[in-house]
> 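Supplied in structure tokens, the structure appears directly below.
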Amino acid sequence: MAHPSPVSVPSSEPISTGDLYRTTSDELVALERKQGAAAALAELGTRIADDPRVAGICHAIAHDLGHEAIAESGGNASKALRSRDDVCGGGFTHGVIEVALGSSKHPARDLLTICAPRQDGSCFHGVGHGLMFATGMDVKRSLALCDHAPTALLASRCGEGVFMQLFSADVAGGHTAHAGSEAVTPQLARATCAGTRQPYAANCWFYAPTVLLAQHPDDFAGAMQWCTSAPAGQGRLLCARGVGSRTIKYHPEDPTIGARVCAQAGDLGDSCLAGMGSYWSVHFRGERAASDVCRHLGDADLARRCRGVT
């Protein structure tokens, strides 16, 4: 993946989210080329701590570092993953795997070995991304390949990657971090999820709100309202969970943003809070429990409700 030279942006000028993403990604990829992936991932962790804005775009940046790592390794995923660090929701691992598997001539075979020796959910999420590239963004073919995962849980994590790839735009401000979402409308997202077989329909509804958030960055209330049009039951609840998750993914520095959305979500509020907790734990590499987010909501009653569902 080619990147231009790092761009210097004067601190006195406002910088858009898209510009911040591009600048930070370019700088860290340049560091990775000089000092290796471990150094670049460590620097990413430092920047998250120093600048809360970076936290909301760091998953996409970590994907880019994974792309560079697999390029530097000559396509050897095992070698690239020696520097594995699950900072920013495992984006580095996802980036490595999506490129390695996306170029595979035998994805059905290679998906079974590409995550060795650590066949965990985060890696198989990356497998889902990679299968979408390997199949030319064919959802049905990709899910059929996910069926070959060693366990039902890993197949589900693979399905997550498929729909994240299809729907996600991880950077607000008009920059699409992953191919696929540009052509997907909210109407198409709804139809896709309605036509997806179980157990993968759950993955579809969870990621579907990202289509709305790509078009209207940070309109979490609007995305939650859209969720009410999903089928009653699992579809609606998982859509709401997805909205809650995105509030933390895009704004881990301020959980009160998600708290306000969940508080106004009516009977979808518990699912929204559960989604917040799920990504809170992912963002911190599993080092913090999902329930830890509850103490950051700014409302004692909502915090008690949160602890009951996370």
Side-chain angles (χ1 to χ4, degrees), residues 55-56 59 86 88-90 120-122 124-125 128 152-161 163-164 167-168 170 189 193 196 198-213 218-310:
H59 185 84
D86 284 342
C88 299
D120 61 8
S122 183
F124 268 84
H125 178 106
L153 178 59
L154 292 178
S156 178
R157 295 301 304 273
C158 178
E160 289 178 7
F163 287 108
M164 182 176 171
F167 293 148
S168 286
D170 272 349
C193 294
T196 296
Q198 296 291 0
Y200 300 113
N203 306 132
C204 188
W205 285 115
F206 179 82
Y207 281 102
T210 58
V211 176
L212 278 294
L213 294 170
D218 285 354
D219 184 11
F220 300 112
M224 186 64 74
Q225 179 61 37
W226 183 82
C227 288
T228 64
S229 68
Q234 183 191 55
R236 200 169 296 173
L237 294 173
L238 286 165
C239 183
R241 186 181 178 96
V243 174
S245 173
R246 299 307 92 174
T247 68
I248 294 297
K249 184 168 187 175
Y250 301 153
H251 294 286
E253 81 288 354
D254 188 3
T256 66
I257 293 172
R260 291 191 292 273
V261 175
C262 296
Q264 298 298 317
D267 60 0
L268 297 180
D270 286 353
S271 291
C272 178
L273 290 167
M276 289 183 66
S278 69
Y279 202 85
W280 184 258
S281 182
V282 167
H283 180 74
F284 290 104
R285 292 177 272 190
E287 295 169 0
R288 297 190 188 183
S291 60
D292 180 68
V293 75
C294 303
R295 64 189 182 92
H296 300 280
L297 302 185
D299 181 286
D301 290 338
L302 194 63
R304 283 191 290 272
R305 182 178 173 187
C306 174
R307 287 191 289 271
V309 298
T310 55

> Ala230 and Trp205: which non-hydrogen atoms are nearest, and at how many Å?
CB-CZ3, 3.6 Å
> Can you check whether His283 reaches Lys249 side chain to side chain, under 4.5 Å on heavy atoms?
no
> For a 4.5 angstrom cut-off between non-hydrogen side-chain atoms, does Thr196 reach Phe163?
yes
> Could you tell me if the side chain of Cys239 sits less than 4.5 Å from the side chain of Phe206, heavy atoms only?
no
> Measure the SG-CD1 distance between Cys262 and Ile257 for me, rounded to the nearest 0.5 Å.
12.0 Å
> Check whether any side-chain heavy atom of His59 sits under 4.5 Å from a side-chain heavy atom of Tyr279, and report yes or no.
yes
> Between atom CZ of Phe167 and atom CG of Leu212, what is the distance when rounded to the nearest 0.5 Å?
10.5 Å
> Search all heavy atoms of Ala155 against all heavy atoms of Tyr200 and return the closest pair with its distance.
O-CE2, 3.3 Å
> Going by heavy atoms in the side chains, are Arg236 and Pro231 under 4.5 Å from each other?
no
> Do the non-hydrogen side-chain atoms of Pro252 and Phe284 ever get within less than 4.5 Å of each other?
no
> How long is the straight-line distance from CD of Gln225 back to SG of Cys227, given to the nearest 0.5 Å?
9.5 Å
> Minimum heavy-atom separation for Trp226 to Pro209, with atom names?
CZ3-N, 4.3 Å
> Between Asp86 and Ser122, which heavy-atom pair has the shortest distance, and what is it?
OD1-OG, 4.2 Å
> Does any non-hydrogen side-chain atom of Thr228 lie less than 4.5 Å from one of Leu268?
yes
> Give a yes or no answer on whether the side chain of His125 reaches the backbone of Glu160 with a donor-acceptor pair at less than 3.5 Å.
no
> Would a 4.5 Å heavy-atom cut-off, applied to side chains only, mark Leu302 and Leu273 as touching?
yes
> May I ask you to decide if Arg241's main-chain N or O and Ser245's side chain share a donor-acceptor pair within less than 3.5 Å?
no
> Has Ser281 got a side-chain atom pairing as donor or acceptor with Ser278's backbone, closer than 3.5 angstrom?
no
> Look at atom CD of Gln234 and say whether more than 12 heavy atoms of other residues, nucleotides or ligands are closer to it than 6.0 Å.
yes
> Within this structure, what is the CE-OG distance for the pair Met224 and Ser271, rounded to the nearest 0.5 Å?
8.0 Å
> For Asp270 and Arg305, work out which heavy atoms get closest and say how close.
OD1-NE, 2.7 Å
> For the residue pair Phe220 and His251, does the interplanar ring angle fall in the parallel (under 30°), tilted (30 to 60°) or perpendicular (over 60°) class?
perpendicular
> For the atom pair CZ (Arg246) and CG (Leu213), what is the distance rounded to the nearest 0.5 Å?
8.5 Å
> How far apart are the closest heavy atoms of Cys294 and Ala303, and which atoms are they?
O-CB, 3.3 Å
> Please check if any side-chain donor atom of Asp254 sits under 3.5 Å from a side-chain acceptor atom of Thr256, or the reverse.
yes
> So, taking the atom named CZ in Arg307 and the one named CG in Leu297, what distance separates them when rounded to the nearest 0.5 Å?
9.0 Å
